[in-house]
2 protein chains.
Amino acid sequence: MKNLYKTITAIFILAISATLSHLNAADVKSVKYVFLFIGDGMSIPQRMMTEEFLKKSGDEGLFINQMPNQAITYTRSANSFITDSAASGTAIACGTKTNNGRIGVDSDGKKLESIAYVAKTSGKKVGIVTSVTMNHATPAAFYAHNVSRGNYYQISLDAISSNFDYFGGGGMMKHDDSKNKSYKSDFYTLAESAGYKVLRGSEQIKAFKNDANKLMAYGSDEALPYAIDNSDNLKLADFVKLGIDFMKDSPQGFFMMAEGGKIDWMCHANDAATVMREVVDFDNAVKVACEFAKSHPSQTLIVVTGDHETGGLTLGFAGTGYESFIQLLKNQKCSQDAFDKKIKQSIADNPKMSFEDAMELAQDNFGLKLNADKKDPMKLSSEEIDSLKSAFEKQKSKNKSHFTRALIKCLDNKCALAWTSGAHTALPVNTTAIGAQSENFKGAIDNTDIAKILKQAVK
Amino acid sequence: MKNLYKTITAIFILAISATLSHLNAADVKSVKYVFLFIGDGMSIPQRMMTEEFLKKSGDEGLFINQMPNQAITYTRSANSFITDSAASGTAIACGTKTNNGRIGVDSDGKKLESIAYVAKTSGKKVGIVTSVTMNHATPAAFYAHNVSRGNYYQISLDAISSNFDYFGGGGMMKHDDSKNKSYKSDFYTLAESAGYKVLRGSEQIKAFKNDANKLMAYGSDEALPYAIDNSDNLKLADFVKLGIDFMKDSPQGFFMMAEGGKIDWMCHANDAATVMREVVDFDNAVKVACEFAKSHPSQTLIVVTGDHETGGLTLGFAGTGYESFIQLLKNQKCSQDAFDKKIKQSIADNPKMSFEDAMELAQDNFGLKLNADKKDPMKLSSEEIDSLKSAFEKQKSKNKSHFTRALIKCLDNKCALAWTSGAHTALPVNTTAIGAQSENFKGAIDNTDIAKILKQAVK
């Protein structure tokens, strides 16, 4: 019976002629400027939540959601229904499924060639940009080869040997890791010896006069701050702009991968408002590429994807039924991390801090109100108050983050948002695309298809 | 700034030429046989969960997931981010957004024309099939017009006045509703007076000799039984087969809509195993259409969609991290409803029933074990046991379904599945398609596009 239907399907498909042909001959020509944007942990719910918030706020929505082509993109890894960022990064970058944890190598440990190397070989300049640390799994998959994503120092050395033209965003973790067996010297020193101009911190970056052959520009040694907490710091968009300015005169064009990495981090923390602001920040970075594309419309391809879903975010919640109040996210003023620091400091300053005092801080940062008019959507119910009170006492006694997390859960649920996991889920992502050859991103694709299509485009 | 990006996008799209053209001139010709299958509440997670279960069981997966074309399909209604089945049914059937609750009429109450009426007008036969009651929202949207989905009797009368050729599956709710203002007579009597041959129950249906002009074949007055509980009863696939046999000689061909309606019901109940079996049952019904298409490959179009996501199902759970154990769903032997009846009967028979006795019944039906080897994935942890014990005591004292629901939650979580709502969510669905003009179902579409595309196809 199984084979019967396999046969029927085959006959049927042949009879009417299959219509999916991602890689037909006509497409096999080079696109001069290719951008690949990856929202880490950004799947369909993360994009829709942000879109809905923006539209309810009178904005026109996300640019990344307005692109003319869209493909549902499946993400499983070689050894798991639920992928991690290393395996999905490798799939997107190299076009091959691998086991969770692996960077630029297959399940047997064999080195794979990423889109970035294909682009470099064909004479393009290559830029790698991220809002998190540069040797994190997603950016690493484009320039490194390692059986374990945790070998940060080794991975950072691969950035140097890649000879890619531009690295921008967060710096290298464990760059000065003298306990590491493969340790030679501080990463930044080695990068300079290899001919890279290395800029560290906003001041150096802002003063840069485009006088370098190969450039590394790191906003800090760590990830960039969360968009919701970040007012003046350099943002993902700034590093995309810097890369475009640095590489735009390349005769063969360039390939740039830019990752919004902290979408994932705050999905792990189940903090919807911070995720939403990260997605907007990511969208702003894509707009910079689009601004560039305006002068090169037929020579530019912009592809936007996610590497997996994180957090099990759902656009609905048991307590709110068929209603949705995503616009209430506007009440949150800072990230989970930032509030946690504030409340911990307040408790340290005043170990007898009362629940009522804590709730004043909570109201300032999340809009949640102990006392308010019945109709006020931010009024806490007695069950919510009991639950927050108990979380506050736990946080006070254990110096952990119970209260912070409970406040954010409470706000998210009021918005009709819910989460089921601190890890990833198997939900597919959506890939959107605009520009030359973007019509290849339609229908249903596997994450490895992104690399397969883009390797043709950058050749 | 907003308008700037709007302009940039427009220029960019124009410059490279937009690639989405669902309704280009070449497509505007009639397809002889058009099938539209709707899984109620069946979104991407429901399809993927079932696929993963089947593949882990050595099966080749869902036929509906193997179709060559796929489109992500957005579902919001005219007045809500989260649609109900009436508004989404109307959008899919008629191509117009309406408010939640409305059947075949727009937000102002104006009557809309469904694909089914367009097909009928163009000389095709029309069949409407469902596994739930025939005057439920989804099937109703194809033949009825009513400002409220709850007006079941009025809606049933519209089935008669539609003059459609075939209705099959579950019967009419409130068919003998003499309290209703518009009540004329028992629905079935009226249908017979209007020239329908009305078959009620398996026996009459199995004995049918194709000797009718217009046919109604209802397996019962209610929904068909759940697939997980149903061994001998007629299934959705049988009603699709009956409809094909009844309409296949029509010179202009036919349009058939078939709904898997109980996927939604058990998503509302957050019962993953029953949902999974319903999706398989639905897939079997689609295979019947495919079998027919084998003889008419260039004249048949099969489209499979969902009307919305129900339950906030996520393919991952906090307690299981990056791992997934969906194959453990095989341990569940009956639906939530069936088990609830069993346990309620057992408690009624023995009001002093012990938790240990109840857990014997639970082990038989869900595989959950109080005592087992540490490595046994079905072994209950002490926290799980405490939670089940408390649920059992509540169910005993209140005669509600706490224990039943707690057992299913426990099993689903062990499978790395979780739910966040008893209602719907705003997650898009995926639409897959095979056959003539199926290439129109690619990229991103709105649920109203399904009607727009199919109205061209059935003309």
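Residue numbers begin at 1 in each chain, while the letters A, B, ... track the order of the sequences.
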Checklist entry - Parallel under 30°, tilted from 30 to 60°, perpendicular over 60°: which one fits the rings of Tyr322(B) and His424(A)? => result perpendicular
Checklist outcome for this item: Applying a strict 4.5 Å limit to non-hydrogen atoms, the region of His308(B) in contact with chain A is neither
Checklist entry - Around atom NZ of Lys235(A), are there more than 12 heavy atoms of other residues, nucleotides or ligands at under 6.0 Å? => result yes
Next on the checklist: Can you tell me which of Gly316(B), Gly319(B), Gly422(B) forms the most heavy-atom pairs within a distance under 4.5 Å of chain A?
Outcome noted: Gly316(B)
Checklist entry - Can you list the steps and then say if Ile82(A) with Leu315(B) is a side chain to side chain contact (heavy atoms under 4.5 Å, CB included)? => result CA-CA 8 Å; Ile82(A) 299 176; Leu315(B) 306 169; 6.0 Å; no
Checklist outcome for this item: Among Ala426(A), Ala418(A), Pro428(A), the residue with the most heavy-atom pairs under 4.5 Å to chain B is Ala426(A)
Item to check | When Thr314(A), Asn100(A), Thr420(A) are compared by non-hydrogen pairs under 4.5 Å with chain B, the top option | outcome: Thr420(A)
Item to check | Region of Thr432(A) that comes under 4.5 Å of a non-hydrogen atom in chain B | outcome: neither
Item to check | Stepwise side chain to side chain contact (heavy atoms under 4.5 Å, CB included) check, Ile44(B) with Leu427(A) | outcome: CA-CA 7 Å; Ile44(B) 303 161; Leu427(A) 191 74; 4.3 Å; yes
Checklist entry - Between Gly312(A), Pro45(A), Ala416(A), Ala423(A), which residue shows the highest count of heavy-atom pairs closer than 4.5 Å to chain B? => result Ala423(A)
Checklist entry - Counting only heavy atoms not in Lys97(A), do more than 12 sit closer than 6.0 Å to its NZ atom? => result yes
Item to check | More than 12 heavy atoms from other groups under 6.0 Å of NZ on Lys32(A) | outcome: yes
Checklist entry - Taking non-hydrogen atoms and a cut-off under 4.5 angstrom, which of residues 71-79 of chain B neighbour chain A? => result Ile72(B), Tyr74(B), Arg76(B)
Checklist outcome for this item: Of Met49(B), Glu309(B), Gln70(B), the largest count of non-hydrogen pairs under 4.5 angstrom with chain A goes to Gln70(B)
Item to check | Atom group of Glu323(B) that falls short of 4.5 Å from chain A, counting heavy atoms | outcome: backbone
Checklist entry - Tell me, side chain or backbone of Thr431(B) under 4.5 Å from chain A's heavy atoms, or both, or neither? => result neither
Checklist entry - Hey, does Met48(A) have a side-chain heavy atom less than 4.5 Å from the side chain of Phe81(B)? => result yes
